[in-house]
Protein chains: 2
Amino acid sequence: MATAKGQRRSTIYDIATATGTSPATVSMVLNGTWQRYRISEATATRILDAARTIGYNVNMKARGLRLARSGLAGMIMPHYRNRFFAGLSETFEAGARARGFCPMVVSTQRKPETEREVVERLLSHQVEFLFIVGVANPDPLNELCSAANIPCVNIDLPGANAPSVVTDNQGGARMLTDILLDKIAAPDPSFHFLGGVAGEYATEERIAGFSQALASRGIALPETHIHRCGYWPPTARQSIEHLHDKLGGLPAGLFINSITAFEGAVQFFRALPPQAFEGRFIGCFDWDPFAAFLPFPVTMLRQNVEAMIEQGFSYIENYRAGDHPLTKVPPQLGPSHVKVPA
Amino acid sequence: MATAKGQRRSTIYDIATATGTSPATVSMVLNGTWQRYRISEATATRILDAARTIGYNVNMKARGLRLARSGLAGMIMPHYRNRFFAGLSETFEAGARARGFCPMVVSTQRKPETEREVVERLLSHQVEFLFIVGVANPDPLNELCSAANIPCVNIDLPGANAPSVVTDNQGGARMLTDILLDKIAAPDPSFHFLGGVAGEYATEERIAGFSQALASRGIALPETHIHRCGYWPPTARQSIEHLHDKLGGLPAGLFINSITAFEGAVQFFRALPPQAFEGRFIGCFDWDPFAAFLPFPVTMLRQNVEAMIEQGFSYIENYRAGDHPLTKVPPQLGPSHVKVPA
DNA sequence: CGGCAACGCTAAATCCATTTAGCAAACCGG
DNA sequence: CCGGTTTGCTAAATGGATTTAGCGTTGCCG
């Protein structure tokens, strides 16, 4: 890296020399603790002026080393390519800044090896706490944190070894399914579930909620109505296409497990004529501003990003090692639901 | 729970004590430079083992302080709420990691004051270089960097005081307009431009390209066809609504300046019947997977995020103070264009 | 006028990792 | 068996900010 070999960045020693004082005095003045140490106002002003004119900026490396406080707040997450994750990181950043930290958010593309490496890096940079978002298996990462004695919380996917905050997947799925059911006139509608990974926490929780809502209205849910086709859009597309061909049309109710699977479904839907959607109702457990305006009725759930992050900070602030509670935050109806005309 | 000592994090001194060696030896072994310093293999293995069992992790604060190299790569950007910005940060992160840095991306919500504060913070954490993305006025930020002697590049919006990488807005707009023109049968179609801010770099460049494409086919472009209604969706919505009412329908060609303005337009479009779009062609200077599947024909341009970031790194790697080139990266047609049937 | 406090500031230790200079012991050739 | 080299390691300085202990003055009281 061909960094211009110019002049060194200025230090408190430079200021001390320039003002004929000592580094200790400069430090006290710049920290605002000078009154406590009986530095005269004249000296303080002189130092402050000098600092301003040479454009001094603390070296957090040195400061952090001395104080064992880095001022860094860490977060890892899969990516930023949907509103849920984008919202989580922006809310986290705002929260961290409000609390006097510098946020450090790194995306890991859902690769366990990258996740591990990034966590190790963040810990070696001495982040003071860590939010772990959307990680399939947070346990090894939680372990790294507790070995380093750094508080952490899991967001979106829970773990047994750290406090966790997740969306109320089951309750949300029940709510979404009930909304779809309310719209449907047919007596015994066929409902299908699309997307997600077998055995994965969020998927199974949502299937449970979906199933409960159907059961409470006496609607059967054969295992064949559940299509855990993953999250990758092309796979989801293929899956819905197969289903459509088999049924000779769309099912009356379709519950789509995530915005990513929805992206795949939309790619198939656009080939269908408008009447293919008559009497059919689609729900998606996620929200996106454009998806909300597609040419067929979709009810979207928005996960309560703000509440989730707030709860995460609250866990960090009241951190007790060995105590691993789990909070489930209810999702909300997406803006589209409100605006869609009946 | 591999922590031997519950409280403090372990240091090379701990390892030295545990293995009956000196901190210097430990440092050499852990850095892999021990062969060069003639440390015996037996000692090296002993130290490595000890490091592993107590779960040692370098303190980058101390290391960075000594080496004047933090290992941190900084980036600031407005937000992550669209594919362009999300793509920029993910590509940046991958590039930084590939080069051995720990990426530090912070969003600033387009607030100049936050931008300034965040840059100061990143500098005080000694980032080794800084990518400045989508900042209306990068000059004061570039100045902060050069005062701290830290290389920086501007991405998306250029500045006169640092190397800059932007999309070829003018060329891209010309290309997009030409595509729309090719589709239109009418002899003298009316073309409108929607979105963006008067005087803003990208907006004016795109208007210039738009205007050139029209001019080269002899199509008039009165100033009243250009609607710089900002980026906020509700304003864009209102603007397109007014236009529609005035014209008694949509214009033959509509060039929308950004995905955000497009979001507003879509909110209005959905109230229109399908035939309102017959013979009308819409282009958007941005790409989104859902927007690409709306029920009317949209041609979307995808900015070449990968090439932009690569060019940014190349500027950093060949950094020469005082040299401030500008690269314009051509955008590409969004995936939707390819798939849309004629 | 001696003693003590208040005042205004500084020296030096500390945080942890890196690296140069160099020490003691083993070893070798003659 | 002595001078010289090699081997294997350590002491100590360094980087920048913080903080405790303390030093020299002046001012005040008795």
Side-chain angles (χ1 to χ4, degrees), chain A residues 7-47 50-51 54-72 121 123-126 128 148-149, chain B residues 5 7-47 50-51 54-71 121 123-126 128 148-149:
Chain A
Q7 67 290 10
R8 217 171 20 91
R9 305 194 49 183
S10 47
T11 71
I12 54 169
Y13 293 85
D14 299 333
I15 300 179
T17 312
T19 56
T21 57
S22 78
T25 311
V26 174
S27 172
M28 291 159 180
V29 170
L30 294 179
N31 281 303
T33 57
W34 54 277
Q35 321 238 28
R36 211 150 59 69
Y37 291 101
R38 299 180 319 218
I39 308 297
S40 71
E41 191 154 354
T43 310
T45 337
R46 199 151 40 96
I47 289 175
I54 66 172
Y56 173 81
N57 198 340
V58 215
N59 183 332
M60 289 298 283
K61 288 244 121 61
R63 172 178 236 265
L65 181 59
R66 183 65 241 263
L67 296 183
R69 242 194 120 272
S70 66
L72 254 24
R121 276 205 119 116
L123 291 176
S124 80
H125 282 285
Q126 319 288 115
E128 296 187 33
N149 211 17
Chain B
K5 285 283 168 195
Q7 301 316 320
R8 212 172 30 89
R9 305 194 46 183
S10 47
T11 72
I12 53 169
Y13 293 85
D14 299 333
I15 299 180
T17 312
T19 56
T21 57
S22 77
T25 311
V26 174
S27 173
M28 291 159 180
V29 170
L30 294 179
N31 282 302
T33 56
W34 54 278
Q35 323 236 26
R36 211 151 58 70
Y37 291 101
R38 298 182 321 221
I39 306 298
S40 71
E41 192 155 350
T43 310
T45 337
R46 199 150 40 96
I47 289 175
I54 68 171
Y56 173 80
N57 199 338
V58 215
N59 183 334
M60 289 298 284
K61 292 241 118 63
R63 170 178 237 265
L65 181 59
R66 183 67 241 265
L67 296 183
R69 238 192 125 275
S70 66
R121 278 205 118 115
L123 291 175
S124 80
H125 283 285
Q126 318 289 113
E128 296 187 34
N149 210 16

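Proteins come first, then strands; the chains are lettered A, B, ... in the order of their sequence lines, and each starts at number 1.
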Could you list the residues that satisfy side-chain contact (heavy atoms from CB on, under 4.5 Å) with [X], not counting sequence neighbours?
| X | value |
| --- | --- |
| A/Ala44 | A/Val29, A/Trp34 |
| A/Arg69 | A/Leu67, A/Phe101, A/Glu128 |
| A/Leu72 | A/Ser70, A/Cys102, A/Met104, A/His125, A/Val127, B/Lys61, B/Met104, B/His125 |
| B/Thr19 | B/Ile15, B/Thr21, B/Arg46, B/Ile47, B/Ala50 |

Can you list every salt bridge (charged side-chain N to carboxylate O under 4.0 Å, His left out) pair that touches [range], not counting sequence neighbours?
| range | value |
| --- | --- |
| residues 15-34 of chain A | none |
| residues 19-36 of chain A | none |
| residues 10-22 of chain A | A/Arg8-A/Asp14 |

Starting at CD of B/Gln35 and ending at C1' of D/dT7, how long is that distance when rounded to a whole Å?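 Between C1' of D/dT7 and CD of B/Gln35: 14 Å.
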Tell me the interatomic distance from A/Ile39, atom CD1, to C/dT10, atom C1', rounded to whole angstroms.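 Value for this atom pair: 9 Å.
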For residues 22-31 of chain B, which residue pairs pass the side chain to side chain donor-acceptor pair (under 3.5 Å) check, not counting sequence neighbours?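 As it turns out, the side chain to side chain donor-acceptor pair (under 3.5 Å) pairs with a partner in residues 22-31 of chain B, which skip direct neighbours, are B/Ser22-B/Thr25, B/Ser27-B/Asn31, B/Asn31-B/Arg63.
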Would you work out how much the helix from C/dC1-D/dG30 to C/dG30-D/dC1 bends between its ends, with each end axis defined by five base pairs, to 10 degrees?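 For the helix from C/dC1-D/dG30 to C/dG30-D/dC1, the axes at opposite ends meet at about 60°.
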At under 4.0 Å between heavy atoms, how does the protein contact nucleotides 16-22 of chain C? Give one character per nucleotide, 5' to 3', with B, S or -. BBBBB--
Partners meeting side-chain hydrogen bond (donor to acceptor under 3.5 Å, both in side chains) with A/Thr43 (sequence neighbours left out):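 side-chain hydrogen bond (donor to acceptor under 3.5 Å, both in side chains) check on A/Thr43 returns A/Ser40.
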Please write out each protein N/O paired with an N/O of nucleotides 26-29 of chain C under 3.5 Å, distance rounded to 0.1 Å.
none

A/Tyr56 and A/Val26, any side-chain heavy atoms less than 4.5 Å apart: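 Side chain of A/Val26 against side chain of A/Tyr56, heavy atoms only: no contact under 4.5 Å found.
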Is the distance from OP1 or OP2 of D/dT7 to the nearest side-chain N or O of B/Ser40 less than 4.0 Å?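 So the side-chain polar atoms of B/Ser40 never come under 4.0 Å of the phosphate oxygens OP1 or OP2 of D/dT7.
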